[in-house]
Novice: 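Sharing a structure here in structure tokens format.
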Amino acid sequence: MVVIEKDVSLTPYNTFHLPAKTRLFATVKSKKELLEVLKNPEIADSEIMVFGGGSNVLLTQDFPGLVIKNEIVGIEILTEDDESVWVKAMSGTIWHDLVVFAVEHGWGGIENLSLVPGSVGAAPMQNIGAYGVELKETFVELEALDIKTGEMRIFTKEECNFGYRDSIFKNEEKGKYFIFSVTVKLLKHPKLRTDYGDVARVLAEKGIVTATIKDVSDAVISIRRAKLPDPKDIGNAGSFFKNPEVENAIFSKLEKEFPDMPHYMMPSGLIKIPAAWLIEQCGWKGKRIGNTGTHTRQALVLVNHGEATGDEIKQLAHDIIASVREKFGITLSPEVNII
Ligand code: EPU
């Protein structure tokens, strides 16, 4: 029988370490336990929030509903042929554990996503991406449980409608499903992606000419450890904002004024500008305001220096948005879910 606890602190469950409580809280380790919780009369009509790693939320207030902590874990090989392996991971599995599983078997496709915080179930929500690779490239399908009816359904890649840090689960289907498992197709002879600046640099520094899957994973791990703060040491949720994409006309104007502005052409024709650069140019990098601030080595990461509240982080985010808008005319939008 799953215990439904009352008035539980969410501080240990969110990587920002913010103080907020939930009215109801349950941990589930299987589909059976999940269904049992959803059917419990105590939770009737309660709003439901699923927590995997808690690495993409900014909690600004107590939650009046039920938080389900997902601890449904496991990795299974579904099938394989000469080229590929289909691997299914349960949604409560730590994302990096799936990466390690793939790398240890010598299967490629997600090595650039090493050490992305959070759970397997959270990965498709925002189509996680890093160092030139996005989840959608290896994603096959996911199983999701309809929270209202308790029925399981499959979402294909097309149905997930993946975009840059985006999917149907952040839009039309927000809050309606409990993602249960994710299937990815890994490659036995992958073409490795080592072109992203930092990855290429680390491989070159190590004198690696023909990189293996493990080399790429190790390079990504060392870059992330060097640049991104570990939530164990300092509360944060990775990149706080998305990198904005602007039209050519706007970019040309900005480029005249800021010729050093880094930028990347997107297949859509839009031009992506690193939010970290914009924020740094406005003087925010490494700045501390009370209990909050931006990270000294990555301006895109907002941090909790210890005793911050969600509202204080939200205020900092607003102030950053306002100054970037004033200097560049670009409005940053948050990547994290603000509750
Ligand atoms: N830059 C600065 N100042 C900084 C940091 C970076 O000016 O303090 C500039 C540099 O020009 C650098 C460029 O920004 O070349 C890009 O920086 P970086 O490679 O660190 O990546 P990012 O654009 O800041 C994105 C993702 C990260 C992902 C990295 C690596 C988003 C919102 N963030 O960050 O994802 O790890 O690329 O691929 O797309 C996350 O989503 O939580 C996350 C960490």
Side-chain angles (χ1 to χ4, degrees), residues 14-16 52-58 95-96 99 110-119 122-137 162-167 170 193-202 216-217 219-231 234-246 254-255 258-266 270-287 293-303 313 317 320-321 323-324 327-328 330-337:
N14 76 96
T15 60
F16 255 130
S55 57
N56 211 38
V57 284
L58 175 68
W95 169 262
H96 185 66
V99 175
I110 52 176
E111 58 282 356
N112 293 45
L113 303 176
S114 296
L115 231 53
V116 169
S119 62
M125 292 275 227
Q126 52 156 352
N127 180 28
I128 55 169
Y131 308 101
V133 171
E134 284 185 335
L135 172 70
K136 72 172 181 194
E137 295 162 48
F162 291 125
Y164 166 56
R165 294 295 193 280
D166 203 24
S167 78
K170 280 180 98 174
R193 302 276 285 281
T194 55
D195 44 330
Y196 197 94
D198 276 344
V199 176
R201 177 181 53 77
V202 169
V216 175
S217 174
V220 168
I221 288 172
S222 69
I223 298 161
R224 291 191 77 103
R225 290 220 167 111
K227 277 198 174 174
L228 297 167
D230 187 335
I234 181 163
N236 77 92
S239 300
F240 192 90
F241 301 101
K242 293 189 196 185
N243 285 327
E245 294 177 6
V246 300
L254 283 171
E255 203 190 18
F258 307 100
D260 299 334
M261 182 167 68
H263 57 276
Y264 315 97
M265 295 296 297
M266 301 312 288
L270 295 174
I271 294 142
K272 187 176 267 191
I273 302 170
W277 185 85
L278 298 168
I279 296 168
E280 184 172 347
Q281 296 304 304
C282 293
W284 289 104
K285 186 166 179 173
K287 202 164 171 177
T294 69
H295 188 54
T296 42
R297 290 189 297 277
Q298 228 303 2
L300 191 50
V301 178
L302 305 195
V303 297
I313 304 265
I320 290 174
I321 291 171
S323 61
V324 168
K327 191 172 169 85
F328 297 100
I330 293 174
T331 304
L332 296 178
S333 46
E335 192 207 87
V336 301
N337 295 310

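We number each residue from 1, following the sequence as shown. Just so you know, ligand 1 is whichever comes first in the structure, and atom 1 is the first atom listed for that ligand.
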Novice: Y164 heavy atoms, cut-off 4.0 Å: which ligand 1 atoms fall inside?
Specialist: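 Ligand 1 atoms under the 4.0 Å threshold to Y164: 31 (C), 32 (C), 39 (O).
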Novice: Protein heavy atoms near atom 4 (C) of ligand 1, is at least one of them under 4.0 angstrom away?
Specialist: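 Looking at atom 4 (C) of ligand 1, one finds that a protein heavy atom does lie closer than 4.0 Å.
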Novice: Using only heavy-atom distances, determine whether the side chains of S119 and W95 contain a donor-acceptor pair under 3.5 Å.
Specialist: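 There is no such pair between these side chains.
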Novice: Can you pull out the closest protein heavy atom to atom 6 (C) of ligand 1? Residue, atom name and distance to 0.1 Å, please.
Specialist: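 Heavy-atom neighbour on the protein nearest atom 6 (C) of ligand 1: A276 CB, 3.4 Å.
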Novice: Can you report which non-hydrogen protein atom sits closest to atom 23 (O) of ligand 1, along with the distance?
Specialist: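 Among all protein heavy atoms, the one nearest atom 23 (O) of ligand 1 is N243 ND2, 2.8 Å.
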Novice: Pull out every atom of ligand 1 sitting under 4.0 Å from any heavy atom of G238, numbered as shown with elements.
Specialist: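 Those qualifying, in numeric order: 42 (O).
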Novice: Any idea which protein heavy atom is nearest atom 38 (O) of ligand 1, and the distance to it?
Specialist: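 It is Y131 N, 2.5 Å.
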Novice: Please determine whether a side-chain nitrogen of the Lys or Arg among E335 and R165 lies less than 4.0 Å from a carboxylate oxygen of the Asp or Glu.
Specialist: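 Counted as a salt bridge, because a side-chain N and a carboxylate O are separated by less than 4.0 Å.
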Novice: How long is the gap from CD1 on I330 to CD1 on I273, to the nearest 0.5 Å?
Specialist: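 Rounded to the nearest 0.5 Å, the CD1-CD1 separation comes out at 4.0 Å.
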Novice: Which of the atoms in ligand 1, numbered in the order shown and given with their element, are less than 4.0 Å from a heavy-atom of F241?
Specialist: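 Taking each heavy atom of F241 in turn, ligand 1 has 32 (C) under 4.0 Å.
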Novice: Return yes or no for this condition: an N or O of R165 is under 3.5 Å from an N or O of ligand 1.
Specialist: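 Yes; at least one N/O pair falls below 3.5 Å.
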Novice: Find all atoms of ligand 1 within a distance of less than 4.0 Å from any non-hydrogen atom belonging to A299, and give their numbers and elements.
Specialist: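 Heavy-atom distances to A299 below 4.0 Å select 4 (C), 8 (O).
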Novice: For P262, take its heavy atoms, then give the atoms of ligand 1 lying under 4.0 Å from any of them.
Specialist: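 It comes down to these atoms of ligand 1: 11 (O).
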Novice: Provide, to 0.1 Å, the distance between atom 7 (O) of ligand 1 and the closest protein heavy atom, together with that atom's residue and name.
Specialist: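 Answer for atom 7 (O) of ligand 1: W277 CA, 3.1 Å.
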Novice: Under a 4.0 angstrom heavy-atom cut-off, which atoms of ligand 1 come close to E280?
Specialist: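 It comes down to these atoms of ligand 1: 2 (C), 3 (N), 4 (C), 7 (O), 8 (O).
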Novice: Could you tell me the residue and atom name of the protein heavy atom closest to atom 17 (O) of ligand 1, and the distance to it rounded to 0.1 Å?
Specialist: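 Result for atom 17 (O) of ligand 1: Q298 NE2, 4.2 Å.
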Novice: Below 4.0 angstrom from a heavy atom of P274, which ligand 1 atoms are there? Numbered from 1 as shown, please.
Specialist: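 Going through ligand 1 atom by atom, the ones under 4.0 Å from P274 are 13 (C), 14 (O).
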Novice: Any nitrogen or oxygen of D198, main chain or side chain, under 3.5 Å from a nitrogen or oxygen of ligand 1?
Specialist: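 N/O-N/O distance below 3.5 Å does not exist for this pair.
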Novice: Could you list the atoms of ligand 1 found under 4.0 angstrom from a heavy atom of Y196?
Specialist: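 So the atoms of ligand 1 that pass are 18 (P), 19 (O), 21 (O), 30 (C), 37 (O), 38 (O).
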Novice: Give me the nearest non-hydrogen protein atom to atom 33 (N) of ligand 1 as residue plus atom name, then the distance to 0.1 Å.
Specialist: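 Its nearest protein heavy-atom neighbour is S239 OG, 3.0 Å.
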Novice: Could you find the nearest protein heavy atom to atom 36 (O) of ligand 1 and give me its residue, atom name and distance?
Specialist: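 Looking at atom 36 (O) of ligand 1, the protein heavy atom closest to it is R224 NH1, 3.5 Å.
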Novice: Less than 6.0 angstrom from the centroid, inside 45 degrees of the normal: does K272 satisfy that with respect to the ring of Y164?
Specialist: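 Yes, a cation-pi geometry holds between K272 and Y164.
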Novice: Identify every side-chain donor-acceptor pair in residues 110-118 under 3.5 Å, counting partners at least two apart or on other chains, and give the distances.
Specialist:
residue	atom	partner	partner atom	Å
E111	OE1	G109	N	2.7
N112	ND2	Y131	O	2.8
N112	ND2	R193	O	3.0
S114	OG	E111	O	2.6
S114	OG	S217	OG	2.8

Novice: Tell me whether ligand 1 is touched by K227 - counting only heavy atoms on the residue side and a distance under 4.0 Å.
Specialist: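 Yes; K227 lies near enough to ligand 1 that a heavy-atom distance drops under 4.0 Å.
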Novice: Kindly write out the residues that satisfy salt bridge (Lys or Arg N to Asp or Glu O under 4.0 Å) with D198, not counting sequence neighbours, or none if the list is empty.
Specialist: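 In terms of salt bridge (Lys or Arg N to Asp or Glu O under 4.0 Å), with neighbours along the sequence ignored, D198 is linked to R201, K227.
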Novice: Quick check on Y264 - does any of its heavy atoms sit under 4.0 Å from an atom of ligand 1?
Specialist: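 Contact check Y264 vs ligand 1: positive.
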